[in-house]
Amino acid sequence: DVKVTQSSRYLVKRTGEKVFLECVQDMDHENMFWYRQDPGLGLRLIYFSYDVKMKEKGDIPEGYSVSREKKERFSLILESASTNQTSMYLCASSLRDPFNSPLHFGNGTRLTVT
Amino acid sequence: AQRVTQPEKLLSVFKGAPVELKCNYSYSGSPELFWYVQYSRQRLQLLLRHISRESIKGFTADLNKGETSFHLKKPFAQEEDSAMYYCALKTTSYGKLTFGQGTILTVHP
């Protein structure tokens, strides 16, 4: 069974801090994604990666960056956290052809920026 | 640009009643559509995809290209169907999904 693990379930950070959210998958998936989930707005894609060291901006990349140095790990970085980045962050992974592979999600990291 | 709209934030039905969760999309290409579900305290997971034309947990969804809709239906709702449901549209070969706003379904006993 595919497992996508997000390192923290809850995080509380201060405004201006640099924040790292880590995600690891154990099924050799090529694609990895970071979404944020907000009530009434659904899931919005921040960044995705289709291979090691490759990344593409999603719909709301401002204020975020990502790193994919190894195939199994995809990190989301908030360069200078702000209160409007308080949200639930979901990591997901899939095989290169998602027709045969759905997105597999982690449990999420609830980030609060004070 | 692609867009997915779920017009109902909240939907309440009684056990045994039919349920329909609405989803409309906007996309100039050939759409691939999905329904994802998140039960309480569980991770988001795939419920069904239009290409498979399958029924999962009694749910079905038909792609209507004329109306650009992909509504999720179940003839007899169960309490365990209570969850958050997201409709999603695939727009690239890399598997990027555009999600709707989500609908919280509550099935009352």
Side-chain angles (χ1 to χ4, degrees), chain A residues 1-6 9-10 23 25 27 29-52 54-61 66 68 74 87-110, chain B residues 1-11 21-27 29-54 56 61 63 83-105:
Chain A
D1 197 20
V2 176
K3 191 150 188 196
V4 178
T5 303
Q6 295 183 230
R9 190 78 176 99
Y10 299 96
C23 176
Q25 50 94 5
M27 282 302 290
H29 283 174
E30 292 87 2
N31 301 331
M32 294 190 75
F33 307 83
W34 275 107
Y35 285 89
R36 63 177 281 177
Q37 181 182 30
D38 299 289
L41 297 177
L43 274 73
R44 294 177 292 166
L45 182 65
I46 304 171
Y47 267 96
F48 68 102
S49 168
Y50 51 89
D51 206 344
V52 176
M54 306 302 289
K55 60 185 178 184
E56 292 279 341
K57 291 181 179 179
D59 300 316
I60 52 164
V66 290
R68 192 155 180 215
F74 192 37
S87 185
M88 173 68 86
Y89 290 86
L90 298 181
C91 175
S93 71
S94 71
L95 289 170
R96 179 152 290 156
D97 177 4
F99 172 71
N100 292 317
S101 169
L103 289 190
H104 293 267
F105 284 87
N107 274 324
T109 296
R110 184 166 294 281
Chain B
Q2 65 276 5
R3 188 178 179 88
V4 177
T5 302
Q6 293 178 248
E8 303 135 331
K9 276 189 181 179
L10 302 170
L11 185 61
L21 289 84
K22 291 184 166 49
C23 172
N24 289 92
Y25 67 92
S26 169
Y27 182 54
S30 183
E32 290 188 43
L33 285 139
F34 306 80
W35 278 99
Y36 278 78
V37 61
Q38 188 169 28
Y39 301 103
S40 179
R41 299 188 190 86
Q42 294 187 27
R43 60 187 70 197
L44 195 58
Q45 59 187 291
L46 176 70
L47 179 62
L48 55 79
R49 64 195 101 179
H50 91 269
I51 200 80
S52 302
R53 302 184 69 82
E54 57 201 345
I56 303 291
L63 177 61
M84 169 73 90
Y85 291 81
Y86 289 101
C87 181
L89 168 69
K90 186 191 114 176
T91 58
T92 72
S93 59
Y94 292 127
K96 174 187 167 186
L97 292 184
T98 296
F99 285 83
Q101 301 92 327
T103 298
I104 299 173
L105 173 66

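By convention in this document, chain letters (A, B, ...) are assigned in the order of the sequence lines, proteins followed by strands, and residues within each chain are numbered from 1.
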So, the part of B:Q6 with a heavy atom under 4.5 Å from chain A: the answer is neither
Backbone of A:L103 reached by a side-chain donor or acceptor of B:Y36 within 3.5 Å
yes
Counting heavy atoms not belonging to A:R110, are there more than 12 under 6.0 Å from its CZ?
no
Could you tell me which portion of A:L45 (side chain, backbone, both or neither) has an atom closer than 4.5 angstrom to a non-hydrogen atom of chain B?
side chain
Side chain / backbone / both / neither for B:L97 at chain A, heavy atoms under 4.5 Å
both
Which heavy atom in A:P102 sits nearest to a heavy atom in B:R49, and how many Å separate them?
CD-NH2, 4.3 Å
The interface call for A:Q37 against chain B, heavy-atom contacts under 4.5 Å, is side chain
Using 0.5 Å steps for rounding, measure from the CZ atom of B:R43 to the CD atom of A:Q6.
8.0 Å
Of the non-hydrogen atoms in B:K96 and A:D59, which two are nearest, and what is the gap between them?
NZ-OD1, 3.7 Å
Looking only at heavy atoms and a cut-off of under 4.5 Å, which of B:L46, B:L44, B:I104, B:T98 has the most pairs with chain A?
B:L44
